[in-house]
2 protein chains.
Amino acid sequence: MTTIQDLAADRGIPDPPLLRGSNQSGMRAYNERLVLSLVRRDGALSKSDIARMTGLSAQTVSVIMRSLEADGLLARGEPVRGKIGQPSVPMSLAADGAYFFGLKIGRRSVDLVLIDLLGEPVALRRQTYRYPSPDAVVEFVSKNLPALTETLSAEQRQRIGGLGVAMPFQLWSWAQHIDSPPGALDLWQDFDIATELSALCEMPVYVQNDATAACGAELVFGTGDRPQDFLYFYIGFFIGGGLVLNGKLFPGRTGNAAAVGPLPVPGPDGRMRRLMTIASLSTLADGLQEAGVNPDQLWEMPGPWTIPAYVLDRWIAGAAEGLASATLSAATLIEIDTVMIDGWMPSDIRDRLVEATNAAFLGLDLAGVTLPVIRAGTVGPRARELGGAAIPLSQRFLVD
Amino acid sequence: MTTIQDLAADRGIPDPPLLRGSNQSGMRAYNERLVLSLVRRDGALSKSDIARMTGLSAQTVSVIMRSLEADGLLARGEPVRGKIGQPSVPMSLAADGAYFFGLKIGRRSVDLVLIDLLGEPVALRRQTYRYPSPDAVVEFVSKNLPALTETLSAEQRQRIGGLGVAMPFQLWSWAQHIDSPPGALDLWQDFDIATELSALCEMPVYVQNDATAACGAELVFGTGDRPQDFLYFYIGFFIGGGLVLNGKLFPGRTGNAAAVGPLPVPGPDGRMRRLMTIASLSTLADGLQEAGVNPDQLWEMPGPWTIPAYVLDRWIAGAAEGLASATLSAATLIEIDTVMIDGWMPSDIRDRLVEATNAAFLGLDLAGVTLPVIRAGTVGPRARELGGAAIPLSQRFLVD
DNA sequence: AGATAATTAAATCACTCTGAATTATTATTG
DNA sequence: CAATAATAATTCAGAGTGATTTAATTATCT
């Protein structure tokens, strides 16, 4: 469990500029994680498939995969007959090879999920509130994390790999948009969530921006073709974004890359405004309020929602304009392949938003820009907490 | 010389998704390049310094560095006395350890440079023209590349590592901005420069966008603190950009990342226009033309130029606005640390542009944005051809 | 003289590679 | 239909490579 980083941190060593030399054990560790990454991506692969894909010798792959099988991380499938030669034995990820916790701290709710090595949720806990407070979150975790752990057998518990926390950074900003008591959110400013949660459980704890985490979930658990580079939008109470470059999550220097909220985009009336003011669910909630409908349904679950058509239409149109404009910036600045849109919303609304964004994008001046594909995410509303859980999973078992 | 990629291409094999396994020779190659990268970055380092920095054992570093010294890539310095213990022997890059060619194909001139392992130019050739044609470029290279090779001793010639070409992509676009005969630039569309030049010389040939290459020069040869992530502008006939993420050049899917030319930015009058129309030297040339001054001086050499103050002031103001706006997009989308501005211009004009851009940036709405440092590049006008030469250098001798 | 730090030689260890053998199939042939 | 050939997956044994460990040597300072 102890990583090199941990050791360096413990000893107060200023970590060298991440230019570590490589040695045999590192090589083996890399090759093992490479095998696991390929098996995750492509489902079930035989040893010889892996040998061909990696360029490693058959013998090396054989040794590595037998050891991974012995470790309970790979499961042997039914031999495939019908081809000339000895039948191949497909190996796939063993679901119960490892477990991970994901915690999402949101502006209206906190969610804890326990997933297996395949990324399937095995248990969930959720609690809603008017605004998040450190105490409430810590209490929620201290109650529910042990409870979820209980649902595993003693042996499975040994295989818990860590806890990843997905939360908005600078939660105290934009307090005015949440009806919280004045100053209540300021408590977060001096609250070190990683340390506090580490005290509550014996596993590594990682913290990441919520939208970045959601993007990571799409990268690790997403289905369909996985492009090398993509921009990802997650629309929650506020909109956030994530970025994948070279097949790797790009969190940026302080973990705030693709924080698209403050991005200036043209609003419905043509004037520039911030993306978060037109493409967030809070904007939709304001629209509902105005229309005399209680917006609380939005935070309870991601649809089906009862929303007057004109309110929804107006919101989608505005959000799509903003998303299209942000997409254009990204396409120019970092030659973006694909843009994915997901969020805490029913899939039909998401699909309409995707369609509207595509239409709005084609309405822009696109000369000299290679067109990205704009499509819906494949993970859905739970992307943030799943992305949290994906952090320890990637850290330990995957290469980028 | 033949890489795995070459072999795969020859056989028409769809190259596997770059997920190669790692083996001993790869490990050794990596560690060697790691040592060279550190020595390049930090000047002169003893074996024990390297051991501390990389985490490799002293013995391993000793073996690697002695072999690099035997290969003529590292040079032994004067032992440093005055400290307890055996004096340490600083090792630095041997300038004559390797040589590289850089070729820049521009809209007004073609430049060929030969550099040593330290990045110092040892020979230069240059030719100007009204517009670039494939034939003229090939002829220039076929004449001057052998001529420059001649300047090296027989032994040094063995150590030439390759040729890197820096040129604008889609040269045929925007033909209207260059006074070339109609259709003349279209020849470039079906011209495979890499293949043609490969036929002219027995060394690997790499091609990269000119601004990306200039950015690479800043990354490899730049002085001062080298941030992990930065956005780079190179202002030539047209403006171009480059991007460094995680300490690596990010060329994008098709090598066109940070092609900031088409980026929409507010012009002097507030209306949106393309960055290339306000922040390129061609814009300055237009201003000179209008003022009745012959703009050809711009292409001859990077200053000192004779430009009416009001023409220059206006150009700088407009360009700075555009650069500031592009910087804001980058700061939001990819948490950019630093922005560097360089170009084919005298350093005093560049410095004024940097200053004006800083001022313009602070005039924007910056709430919620972490401020990047905007500063001048350190390589200067020759960044593009040096960046070209940096491609084979990095490829062969550096890790990112 | 003793302590300290840089460097290196020799022995050891961990990992991948090569070449050959083994195994389980399908295809072909009489 | 049975025997044989061809093919492909997998594994075994041994060799090779490169990093690590241990111990020695050297040069310098206190």
Side-chain angles (χ1 to χ4, degrees), chain A residues 4 7 19-35 38-39 42 44-71 74-92 399, chain B residues 4 19-36 38-39 42 44-71 74-92 399:
Chain A
I4 289 172
L7 286 172
L19 288 168
R20 311 290 302 176
S22 132
N23 55 21
Q24 283 101 326
S25 40
M27 180 170 73
R28 172 61 176 263
Y30 172 82
N31 287 338
E32 284 185 356
R33 294 188 307 161
L34 178 61
V35 167
L38 290 172
V39 171
D42 295 342
L45 296 167
S46 69
K47 299 188 175 77
S48 48
D49 288 334
I50 297 276
R52 275 186 295 268
M53 296 168 90
T54 58
L56 293 171
S57 72
Q59 170 63 359
T60 297
V61 172
S62 183
V63 169
I64 289 175
M65 291 184 80
R66 271 180 289 166
S67 118
L68 289 174
E69 190 187 358
D71 290 350
L74 287 181
R76 178 174 293 263
E78 268 309 298
V80 176
R81 291 156 215 278
K83 290 181 296 186
I84 299 177
Q86 175 162 332
S88 62
V89 179
M91 308 285 287
S92 39
V399 296
Chain B
I4 289 170
L19 288 168
R20 311 291 302 176
S22 124
N23 54 22
Q24 281 104 324
S25 41
M27 178 171 75
R28 171 62 176 261
Y30 172 83
N31 286 338
E32 285 186 355
R33 295 188 306 160
L34 178 62
V35 168
L36 290 170
L38 290 171
V39 172
D42 295 343
L45 295 169
S46 70
K47 299 187 176 75
S48 47
D49 288 334
I50 297 277
R52 274 186 295 269
M53 295 168 90
T54 58
L56 293 171
S57 72
Q59 170 64 358
T60 297
V61 173
S62 183
V63 168
I64 289 175
M65 292 183 81
R66 270 180 291 164
S67 123
L68 290 174
E69 190 186 358
D71 290 350
L74 287 181
R76 177 173 293 264
E78 269 309 298
V80 176
R81 292 159 211 278
K83 289 182 297 188
I84 299 177
Q86 174 163 330
S88 62
V89 179
M91 309 284 288
S92 39
V399 296

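A, B, ... follow the sequence lines: proteins, then strands. Residue 1 opens every chain.
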Separation of [X] atom [atom1] from [N] atom [atom2], in whole Å?
| X | N | atom1 | atom2 | result |
| --- | --- | --- | --- | --- |
| Met65(B) | dT7(C) | CE | C1' | 12 Å |
| Tyr30(A) | dG18(D) | OH | C1' | 19 Å |
| Arg76(A) | dA9(D) | CZ | P | 15 Å |
| Lys47(B) | dA5(C) | NZ | P | 19 Å |
| Leu56(B) | dT7(C) | CG | C1' | 16 Å |
| Gln86(A) | dA21(C) | CD | C1' | 12 Å |
| Glu69(B) | dT7(C) | CD | P | 11 Å |
| Arg66(B) | dG18(D) | CZ | C1' | 14 Å |

Within the structure shown, what part of the strands sits under 4.0 Å from [X] by heavy-atom distance: base, sugar-phosphate, or nothing?
| X | value |
| --- | --- |
| Ile50(B) | nothing |
| Ser88(B) | sugar-phosphate |
| Val89(A) | sugar-phosphate |
| Gly82(A) | sugar-phosphate |

Please tell me if [X] has a side-chain N or O lying less than 4.0 Å from either OP1 or OP2 of [N].
| X | N | result |
| --- | --- | --- |
| Ser62(A) | dT11(D) | yes |
| Ser48(A) | dT10(D) | yes |
| Asn31(A) | dT16(C) | yes |
| Thr60(A) | dC17(C) | yes |
| Asn23(B) | dC17(C) | yes |
| Arg28(A) | dT16(C) | yes |

Query raised in the report: Just wondering, do Gln86(B) and Ser48(B) contact through their side chains at under 4.5 Å, heavy atoms?
Result: no
Of the listed nucleotides [options], the one nearest the side chain of [X]:
| X | options | result |
| --- | --- | --- |
| Gln59(A) | dA6(C), dT18(C), dT17(D) | dT18(C) |
| Ser46(B) | dA19(D), dT16(C), dT7(C) | dT7(C) |
| Met27(A) | dA9(D), dT16(C), dT20(D) | dT16(C) |

On a heavy-atom basis, which atom in [X] and which in [Y] lie closest, and how many Å separate them?
| X | Y | result |
| --- | --- | --- |
| Val39(B) | Met91(B) | CG1-O, 3.7 Å |
| Gly55(A) | Arg20(B) | CA-NH2, 3.7 Å |
| Ala58(A) | Ala51(A) | CA-CB, 4.0 Å |
| Lys47(A) | Val61(A) | O-CG1, 3.3 Å |

Query raised in the report: Can you check whether Ser46(B)'s main-chain N or O pairs, donor with acceptor, with Asp49(B)'s side chain at less than 3.5 Å?
Result: yes
Report summary line: Heavy-atom nearest nucleotide on DNA chain C taken for Ala58(A) and for Pro87(B); more 5' hit belongs to Pro87(B)
Report task. With DNA chain C as reference, determine whether Lys83(B) or Gln24(B) sits nearer its 5' end, using the nearest nucleotide of each. Result -> Lys83(B)
**Report entry** Ser22(A) vs Ile84(A), nearer the 5' end of DNA chain D by closest nucleotide
**Finding:** Ile84(A)
